[in-house]
Amino acid sequence: MKTTVVGSYPKPKWLLRIVKMYKDGEVDEEFLEEAYRDSVKSVVKDHEIAGVDIIWDGEMRREEMTSYFAERIEGFEIYGEVRVWGNAYYPKPSIVGELRYRDELALKDFLYLKGITDREIKVPITGAYTIVDWSFNEYYKTKEDAVYSLAEVLNREFRELVKVGAKYIQIDEPAIPTHPDEIEIAKNAVEIMVKGVNAYVGIHMCYGNYRAIFPDVLDFKVDQIDFEFANRKFEDLKILKEYDYDKDLGFGCIDVHSRRIESVDEVKNAIRMALEIVDPDRLYVDPDCGMKLLPRDVAFEKLKVMVKAVEELKEELDI
Amino acid sequence: MIVTTVVGSYPRPDWFREYLRKVAGLQKDLDVEIDIDVLRRAISEVIDEQKRAGIDIPTDGQLIWHDFLLTIASRLEGFEMNGLVRYFDNNLYYRIPIVKGKIRRVKRILHDFEVAFEIESKIKAVISFYTLTKLSRNEFYGSYEDMLWDLCDAIREEIRYLESIGVKYIQIDEPSILYAEKRELEFLRDLFKELTDVKSETILMTYFDSAERIFPEVLDFGFDTIGLDFVEGYEENLKIVEEFSFEGINVGIFDGRNTKMEDLNEIRERLERIISIGNFKRIYVSPNTGLEFLPRIKAYEKMRLVSSLKEVFE
Ligand SMILES: [Zn+2]
């Protein structure tokens with residue numbers, strides 16, 4: 001039973017300020033780079049102090065989870081932002097040509113992180129299905145073609161990551177449960193993405209209706225599926241029970257949409273419910289999703305509670 | 001004779017987004033107090049942009065609409081707003097309206113439209129009725145029919161008011177009606193007749209799917225013009241045009257949800273086909289959906305494409 005994170009973590013306020021200064025031309029790239037590296041160090045320290053077993057760099061460089069990758073892959077063009085709800089917008093990329101590998105996506109971040117921590121590392125990258133679903137398609141005949149083509153690009157990145165020592169890759173696919181009718185495409189895409197990737201692979205899904213993707217999702221070629229449970233009051237655990245869930249489980253048990261800090265006892269109770277479904281060595285305890293929208297001190301406290309709950313349980317269960 | 005138009009929504013100018021962020025934040029939603037001069041400036045910018053692109057009948061761009069239901073629901077008595085729900089198959093979410101009490105019109109609904117109407121009188125008002133009830137959750141009315149009638153009364157008051165100030169075009173957006181059951185359509189006829197019984201030209205706008213399931217019933221709803229989505233349902237809607245006769249059509253033929261710019265020749269051939277099969281007195285051409293699904297520069301390009309189509313036709 002290990003603790004981990006989904007990916008993002010609140011950015012230090014000074015980093016946000018420096019990014020803005022960089023955009024306004026007030027500081028140069030070297031200055032910004034140093035700020036990014038220092039922010040990763042501080043985030044890693046937060047995770048280490050909290051005691052999280054498997055960590056990532058808090059995604060200090062990513063402002064968003066679609067366009068960040070689209071900007072680094074041949075064939076994408078970003079014309080501007082579109083609304084996702086209310087007054088919230090995101091830069092929605094357009095696929096304008098054949099999708100091809102151009103720049104590394106997380107390789108440098110991984111190597112840097114590896115150099116500053118002894119903790120186990122997980123590398124999260126947004127999956128092919130989600131990136132395509134959140135993009136315009138001007139080039140490919142079908143969405144399916146675009147997804148598979150992008151899956152090849154990501155597969156290359158995953159293999160490069162493994163070459164330099166990555167052992168745990170997480171494919172972020174929040175869009176999959178929002179289109180249960182296209183689960184077959186998503187499944188095929190995962191197969192392409194993990195082909196020849198000699199690492200532990202998890203897939204993270206939030207949003208949407210979990211019931212609609214069962215039991216198909218159990219056939220995905222991944223070692224672990226990571227779901228959000230806290231946000232849904234743990235009711236979805238019964239779906240896993242119904243379908244004899246048999247993969248490792250990423251167990252989102254900290255609500256990232258609420259600033260209320262969970263008590264150690266309630267997290268322990270939640271984990272006990274998860275242990276009715278999988279054995280402790282197949283359980284990965286984490287927050288529901290990335291924590292970037294929380295205030296930093298709240299995120300830090302939540303991580304500490306999560307780790308404490310796991311430690312106490314381990315002791316009680318003698319594992 | 002082809003008239004170019006748009007469906008309704010248009011991307012907010014950046015500065016207006018910033019302004020809204022300041023006055024309302026990201027989460028606040030209900031009927032925010034907006035400085036009327038700021039609103040006027042934003043709307044006139046968007047109307048100008050549509051006219052510059054060659055759109056004959058623009059809209060106000062629905063710039064203060066946080067989603068397609070909220071503006072209507074939050075200005076009526078009886079609704080409360082809840083969590084986010086996906087809007088059809090779009091990567092766009094709306095706050096689900098919950099009916100908590102009797103629905104009543106207690107103030108003007110399209111107050112932003114009125115600002116636009118002062119700037120430009122040749123402009124289309126956009127409202128919705130049935131779709132609002134389908135995408136809401138009813139926690140008050142014992143029967144769905146009662147809820148529909150109350151909402152119908154409220155919307156009718158608004159439409160009558162628009163008529164009284166001289167609005168020439170009133171569009172009712174009803175993507176949900178494409179999924180109405182046959183017997184429901186018969187019941188809806190009486191309601192829609194209440195809404196379309198005005199001197200203004202009334203337009204039923206449908207999108208996201210083909211419309212074969214609502215014909216022939218919809219022909220008795222009293223609309224002057226029916227809008228069909230020829231991007232999502234070209235073949236099916238072509239059959240409708242072949243089989244049924246109606247005088248006014250809005251041909252939604254450019255994809256309002258893709259940055260790809262269509263080949264004008266292909267679109268022209270399609271439009272020629274539609275027009276030659278039907279027997280129309282009024283033909284409007286537009287994108288199939290509102291343009292807020294696109295980044296602003298692409299929304300403008302789409303409108304340019306719509307008006308180029310008109311040019312090659314003339
Ligand atoms: Zn997530």
Side-chain angles (χ1 to χ4, degrees), chain A residues 20 64-67 70 75-97 126 129-143 146 173-182 206-209 212 231-233 255 257-259 292-293, chain B residues 9-14 16-30 32 34 62-71 81 83-96 255-263 290-302:
Chain A
K20 187 170 183 308
E64 187 275 338
M65 61 183 291
T66 314
S67 62
F76 279 108
E77 173 109 33
I78 297 170
Y79 297 114
E81 297 190 323
V82 298
R83 175 153 70 170
V84 59
W85 63 274
N87 199 31
Y89 291 74
Y90 78 105
K92 183 170 179 176
S94 297
I95 302 170
V96 299
T126 309
Y129 183 82
T130 296
I131 292 179
V132 169
D133 189 54
W134 292 355
S135 300
F136 297 108
N137 174 17
E138 296 187 19
Y139 179 79
Y140 290 95
K141 270 226 159 57
T142 64
K143 180 177 181 182
E173 291 279 21
I176 290 179
T178 64
H179 291 284
D181 52 316
E182 294 182 338
C206 40
Y207 303 160
N209 176 4
N231 184 33
R232 302 162 188 241
K233 302 190 172 65
D255 193 347
H257 298 290
S258 157
R259 295 180 176 197
K292 68 177 170 190
L293 293 176
Chain B
S9 68
Y10 197 73
R12 288 173 179 158
D14 286 351
F16 189 62
R17 264 162 60 184
E18 282 307 315
Y19 169 81
L20 287 179
R21 199 161 287 152
K22 278 197 198 107
V23 297
L26 266 181
Q27 311 265 353
K28 270 279 275 307
D29 39 41
L30 301 175
V32 186
I34 294 171
Q62 300 180 301
L63 296 183
I64 58 165
W65 293 48
H66 267 8
D67 61 55
F68 294 89
L69 313 173
L70 188 111
T71 299
M81 296 298 157
L84 290 170
V85 180
R86 193 183 181 81
Y87 182 65
F88 292 91
D89 63 341
N90 301 290
N91 197 9
L92 182 68
Y93 294 77
Y94 67 92
R95 308 234 3 223
I96 186 167
D255 194 343
R257 295 189 290 174
N258 196 335
T259 49
K260 181 179 183 161
M261 294 299 141
E262 287 85 350
D263 180 304
L291 288 173
E292 79 144 325
F293 295 99
L294 299 176
R296 188 148 171 225
I297 53 165
K298 290 288 159 179
Y300 182 76
E301 247 183 87
K302 276 283 163 171

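Numbers restart at 1 for each chain; the letters A, B, ... are given by sequence-line order, proteins then strands. Treat the numbers as computed from the prediction; the structure is a model and nothing was measured.
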Which value, rounded to the nearest 0.5 Å, describes the distance between A:Asn87 atom CG and B:Tyr19 atom OH? 12.0 Å
Looking only at atom types and distance, does a side-chain atom of B:Asn91 sit under 3.5 Å from a main-chain N or O of A:Val84, one as donor and one as acceptor? no
Do B:Pro295 and A:Tyr89 have side chains that get closer than 4.5 Å, going by heavy atoms? no
With only heavy atoms counted, which part of A:Thr178 is less than 4.5 Å from chain B, the side chain, the backbone, both or neither? both
Where B:Phe293 and A:Val82 come nearest, the two heavy atoms and their spacing: O-CG1, 3.3 Å
What are the two closest heavy atoms between B:Leu92 and A:Trp85, and how far apart are they? CD1-N, 4.3 Å
Please determine whether side chain to side chain contact (heavy atoms under 4.5 Å, CB included) holds for the pair A:Arg83 and B:Arg17, giving the CA-CA distance in whole Å, both sets of side-chain angles, and the decisive distance to 0.1 Å. CA-CA 10 Å; A:Arg83 175 153 70 170; B:Arg17 264 162 60 184; over 6 Å; no
A:Tyr90 versus chain B, heavy atoms under 4.5 Å apart: side chain, backbone, both or neither? side chain
Once rounded to the nearest 0.5 Å, what's the spacing between atom CG of B:Asp89 and atom CG of A:Asp181? 9.0 Å
Roughly how far, to the nearest 0.5 Å, is NE2 of A:His179 from CZ of B:Arg86? 4.0 Å
Rounded to the nearest 0.5 Å, what separates atom NZ in B:Lys260 from atom OG in A:Ser94? 11.5 Å
Are the side chains of B:Leu294 and A:Tyr79 in touch, meaning some heavy atoms are under 4.5 Å apart? no
Quick one: CD1 on A:Ile78 to OG1 on B:Thr259, what's the gap to the nearest 0.5 Å? 11.5 Å
